[in-house]
K.L.:
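Have a look at the structure that comes next, please.
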Amino acid sequence: MGRVLVVDDEPGIRDVLEVLLENQGHAVSTAAEVAGAQAALETQPFDLVITDLRLSPTESGLEVLEIARRQPEPAEVIVMTAFGTREKAQRAVARGAAFYLEKGPHLAADIEVLVRQAVVKRQLEAENAGLRRALLDSTGRTGMIGRSESFREVLDLVERMAQLRTTVLVYGESGTGKERVARALHEASPWSDGPFVALNCGALPSNLIESELFGHVKGAFTGAEEARAGAFESSRGGTLFLDEIGELPLPLQPNLLRVLQEQRVRPVGAMEEVDVSDVRVVAASNRDLEREVAEGRFREDLFFRLNVVQIDLPPLRERPEDIRVLAEHFLRKYARAHGRQMDAIDPQALDILSRFRFPGNVRQLENVIERGVALARGERLTVAELPRPLVEAGEETQPRAPAGPVSMPPGGIDLEKMLDDFELEWIERALAEADGVKTRAAELLGLSFRQFRYKLSKHRRRGANKGEASA
């Protein structure tokens, strides 16, 4: 049957329920106060918690409810109340309890029915979660596609972080799949039955972001004709994805920091706070937030609170070995969607795709393949279905034979120094072309700002070491 925890400050009630539930085949543990309940919940998983609403003059069963909901495998919760406190019990249900019941002469019969329902519900949810994880395993675990070394590192980090409620910050250029990473973290987590709510911080008017994040009560501002739950409250028991977090207005950042620290949110115009400790937050940005902090556009304390674990998504141009597997995946996807019989990409088309730099990353590749499927006349996607600018760019990068034979100097060459000098020359040219603006120089070289900053720092260190050696 099920594993049940009974929490009540009255020994007689604990004993009666323990005997009753054990006779029904359940494994029963008991606790008299919140601390005992917490110790039991953090020691082993339970299918069901039955708690009295009023445990003592200073402790409430709502504390037990919140502790139970925070566990990696949250138990169902039944709240018991004395006669006449139904309103409080209904509030407990609104905060996540599965059922409530009143103590009285029918307690034993009611408990038998409700416990059976709650245990079956919990075990069905666990079975569904197992099936979903098995499906994810069969499709590449996280549903993310790639075989490059850099992408496998991302997959490994996603799989490890999926089991924790740790806040994650995902970095990546536009189109690299930051939301796909957030969804993978959610779908592979023990809370995948809960909601996944995505909010783009850069797509909302600044006067609406606070309400969208935290919710509002009726009459909180002009036009608030009814109460509305915000993104945090709507994500309870699941994941909240805050896309383009770098776009969040500076005046609102302290409010977000407070919610992340306190795990409670106060809707606009409300007097009471809502517990959101069971919300897993994943944020994403295509900006360098460290630079935003240095330039005063992003709070340092909020950055550190979001950046508990950082996942860096490499752009597609840095993992060209993934282009083929992604292109073939999108071909199958859109062939099914459009009812087409297409099973392959022409080798010449694949060659052109593999050489293209894809400034729009995976999103651009997906759009190219969808367009090709829509235009294709046969069962293979060919060069004829690729956009002309992409084909021309691919032809320009076609390797050419050297104009004449190249001979090795008698003493050989220092290849590493030659490549370093070549790289430094183009970095200096890009900086000159960009009038010293590093972000623009990085764009001219097709590098992310992080990559450019790393390479520039490397050459400056090399120059400094040379100076020390000559001194």
K.L.:
Using the salt bridge (Lys or Arg N to Asp or Glu O under 4.0 Å) rule, collect all pairs that involve residues 279-288, keeping only residues at least two apart or in two chains.
P.N.:
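Applying salt bridge (Lys or Arg N to Asp or Glu O under 4.0 Å) to every pair that reaches into residues 279-288, excluding sequence neighbours, yields Glu247-Arg287, Arg287-Glu292, Asp288-Arg453.
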
K.L.:
What pairs with Glu173 under salt bridge (charged side-chain N to carboxylate O under 4.0 Å, His left out), at least two apart in sequence or on another chain?
P.N.:
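Scan of Glu173 (salt bridge (charged side-chain N to carboxylate O under 4.0 Å, His left out), adjacent residues dropped) gives Arg317.
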
K.L.:
List the steps, then state whether salt bridge (Lys or Arg N to Asp or Glu O under 4.0 Å) holds for Lys455 with Glu423.
P.N.:
CA-CA 9 Å; Lys455 290 178 181 295; Glu423 184 177 71; 3.0 Å; yes

K.L.:
Atom CD1 of Ile427 and atom CG of Leu444: how far apart are they, to the nearest 0.5 Å?
P.N.:
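Between Ile427 CD1 and Leu444 CG, I get 12.5 Å after rounding to 0.5 Å.
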
K.L.:
Backbone N or O of Val217 within a donor-acceptor pair of the Glu226 side chain at under 3.5 Å?
P.N.:
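Looks like no, no N/O pair under 3.5 Å.
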
K.L.:
Do you know which of Val274, Leu213, Asn255 makes side-chain contact (heavy atoms from CB on, under 4.5 Å) with Val265?
P.N.:
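Exactly one option meets the side-chain contact (heavy atoms from CB on, under 4.5 Å) with Val265, and it is Val274.
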
K.L.:
Can you measure from CD (Glu187) to CG (Asp193) and round to the nearest 0.5 angstrom?
P.N.:
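The CG atom of Asp193 is 12.0 Å from CD of Glu187, to the nearest 0.5 Å.
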
K.L.:
Tell me which one of Val170, Leu169, Thr167, Val181 satisfies side-chain contact (heavy atoms from CB on, under 4.5 Å) with Val282.
P.N.:
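The passing option is Val170.
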
K.L.:
Is the closest side-chain heavy-atom distance between Leu242 and Val281 below 4.5 Å?
P.N.:
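SC-SC contact between Leu242 and Val281 confirmed.
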
K.L.:
Can you find a pair of side-chain heavy atoms, one from Asp47 and one from Val4, that are under 4.5 Å apart?
P.N.:
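Of all side-chain heavy-atom pairs linking Val4 with Asp47, none is under 4.5 Å.
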
K.L.:
If the condition is side-chain contact (heavy atoms from CB on, under 4.5 Å), which residues does Asp243 pass it with, not counting sequence neighbours?
P.N.:
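Applying side-chain contact (heavy atoms from CB on, under 4.5 Å) to Asp243 gives Lys178, Asn200, Phe241, Ala284.
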
K.L.:
Counting heavy atoms not belonging to Arg228, are there more than 12 under 6.0 Å from its CZ?
P.N.:
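Incorrect, the count does not exceed 12.
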
K.L.:
Report yes if the side chains of Val259 and Arg264 come closer than 4.5 Å at any heavy-atom pair, otherwise no.
P.N.:
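No - every pair of side-chain heavy atoms lies 4.5 Å or more apart.
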
K.L.:
Is the side chain of Arg340 donor-acceptor paired with the backbone N or O of Val373 at a distance under 3.5 Å, no angle test?
P.N.:
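Flag set: sc Arg340 to bb Val373 pair under 3.5 Å.
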
K.L.:
Using the side-chain contact (heavy atoms from CB on, under 4.5 Å) criterion, which residues pair with Glu295? Sequence neighbours excluded.
P.N.:
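For Glu295, the residues satisfying side-chain contact (heavy atoms from CB on, under 4.5 Å) (neighbours in sequence not counted) are Arg291, Arg297.
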
K.L.:
Work out which heavy atom in Cys201 is nearest to a heavy atom in Ile209; give both atom names and the distance.
P.N.:
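In this case the closest contact between Cys201 and Ile209 is O-CD1, 3.6 Å.
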
K.L.:
Which residues satisfy the side-chain contact (heavy atoms from CB on, under 4.5 Å) test with Gln44, sequence neighbours excluded?
P.N.:
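Counting only residues at least two positions away or on another chain, Gln44 forms a side-chain contact (heavy atoms from CB on, under 4.5 Å) with Ser29, Phe46.
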
K.L.:
What residues, two or more places apart in sequence or in another chain, satisfy ring pair (Phe, Tyr, Trp, His ring centres under 6.0 Å) together with His26?
P.N.:
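Residues passing ring pair (Phe, Tyr, Trp, His ring centres under 6.0 Å) with His26: none at all.
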
K.L.:
Within a strict 4.5 Å, meaning less than it, do heavy atoms of the Arg69 and Leu65 side chains meet?
P.N.:
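Arg69 reaches Leu65 side chain to side chain.
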
K.L.:
Once rounded to the nearest 0.5 Å, what's the spacing between atom CG of Leu456 and atom CD of Glu428?
P.N.:
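Going from the CG atom of Leu456 to the CD atom of Glu428 covers 9.0 Å.
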
K.L.:
Is the side chain of Asn361 donor-acceptor paired with the backbone N or O of Ser174 at a distance under 3.5 Å, no angle test?
P.N.:
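Yes; judged by distance alone, with no hydrogens or angles, the pair exists.
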
K.L.:
I'd like to check the ring pair (Phe, Tyr, Trp, His ring centres under 6.0 Å) partners of Phe151; sequence neighbours left out, ordered by chain and number.
P.N.:
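For Phe151, no residue satisfies ring pair (Phe, Tyr, Trp, His ring centres under 6.0 Å) once neighbours in sequence are set aside.
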
K.L.:
With a 4.5 Å heavy-atom cut-off, do Gln163 and Arg160 have their side chains touching?
P.N.:
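With C-beta onward as the side chain, the pair stays apart.
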
K.L.:
Mind checking salt bridge (charged side-chain N to carboxylate O under 4.0 Å, His left out) for Glu379 and listing every partner two or more places apart, or none if nothing turns up?
P.N.:
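If we apply the salt bridge (charged side-chain N to carboxylate O under 4.0 Å, His left out) test to Glu379, skipping adjacent residues, there are no hits.
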
K.L.:
Any sub-3.5 Å donor-acceptor pair from Arg371's side-chain atoms to Glu385's backbone N or O?
P.N.:
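It does hold such a pair.
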
K.L.:
Could you tell me whether a side-chain N or O of Ser192 sits under 3.5 Å from a main-chain N or O of Ala188, the two making a donor and an acceptor?
P.N.:
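Absent.
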
K.L.:
Quick one: are Arg152 and Asp156 in side-chain contact, heavy atoms under 4.5 Å?
P.N.:
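No, every pair of side-chain atoms sits at 4.5 Å or beyond.
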
K.L.:
Please check this pair: side chain of Gln71 against backbone of Ile67, looking for a donor-acceptor N/O pair closer than 3.5 Å.
P.N.:
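Answer holds: yes.
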
K.L.:
Determine yes or no for a side-chain-to-main-chain donor-acceptor pair under 3.5 angstrom, with Asp322 supplying the side chain and Ser148 the backbone.
P.N.:
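Yes, Asp322 side chain to Ser148 backbone: donor-acceptor pair under 3.5 Å.
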
K.L.:
Going by ring-ring contact (aromatic ring centres under 6.0 Å, His included), name the pairs with one or both residues in residues 289-313, residues two or more places apart or in two chains.
P.N.:
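Passing the test, one end in residues 289-313: no pairs.
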
K.L.:
I need the full list of ring-ring contact (aromatic ring centres under 6.0 Å, His included) pairs touching residues 155-192, with sequence neighbours left out, sorted by first then second residue.
P.N.:
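ring-ring contact (aromatic ring centres under 6.0 Å, His included) check on residues 155-192 returns His186-Phe196.
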
K.L.:
Any donor-acceptor pair under 3.5 Å linking the side chain of Arg165 with the backbone of Asp278?
P.N.:
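The answer is yes, because a donor-acceptor pair under 3.5 Å joins these two groups.
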
K.L.:
Would you compute the distance between atom OG of Ser189 and atom CD of Glu159 and round it to the nearest 0.5 angstrom?
P.N.:
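One gets 13.0 Å once the value is rounded to the nearest 0.5 Å.
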
K.L.:
Could you give the distance from CD1 (Ile352) to CD1 (Ile323), rounded to the nearest 0.5 Å?
P.N.:
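CD1 of Ile323 is found 12.5 Å from CD1 of Ile352.
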
K.L.:
On a heavy-atom basis, which atom in Leu381 and which in Ala349 lie closest, and how many Å separate them?
P.N.:
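Scanning both residues, the minimum pair turns out to be O-CB, 4.0 Å.
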
K.L.:
Among all residues two or more places apart in sequence or in another chain, which pass the side-chain contact (heavy atoms from CB on, under 4.5 Å) test with Glu153?
P.N.:
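Glu153: side-chain contact (heavy atoms from CB on, under 4.5 Å) contacts with Glu149.
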
K.L.:
Write down the atom of Ser285, the atom of Ile245, and the distance for their closest heavy-atom approach.
P.N.:
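The pair with the smallest heavy-atom distance is CB-CG2, 4.1 Å.
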
K.L.:
Check the angle between the aromatic planes of Phe356 and Phe358 and answer parallel, tilted or perpendicular using the 30° and 60° thresholds.
P.N.:
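Geometry flag for Phe358 against Phe356: perpendicular rings.
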
K.L.:
Report the distance from atom CG of Leu365 to atom CD of Glu370, rounding to the nearest 0.5 Å.
P.N.:
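Answer rounded to 0.5 Å: 11.5 Å.
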
K.L.:
Do the side chains of Val368 and Phe330 get nearer than 4.5 Å, heavy atoms only?
P.N.:
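Answer no - side chains too far apart.
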
K.L.:
With a 4.5 Å heavy-atom cut-off, do Ser354 and Pro320 have their side chains touching?
P.N.:
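Result no, sub-4.5 Å side-chain heavy-atom pair not found.
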
K.L.:
Would you indicate whether Glu272, at its atom CD, is surrounded by more than 12 heavy atoms from other residues, nucleotides or ligands within a distance under 6.0 Å?
P.N.:
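Counting neighbours around CD of Glu272, 12 or fewer heavy atoms of other residues, nucleotides or ligands fall under 6.0 Å, so no.
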
K.L.:
Give every residue pair that meets the salt bridge (Lys or Arg N to Asp or Glu O under 4.0 Å) criterion with at least one member in residues 298-312, sequence neighbours excluded.
P.N.:
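Applying salt bridge (Lys or Arg N to Asp or Glu O under 4.0 Å) to every pair that reaches into residues 298-312, excluding sequence neighbours, yields Arg299-Asp301.
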
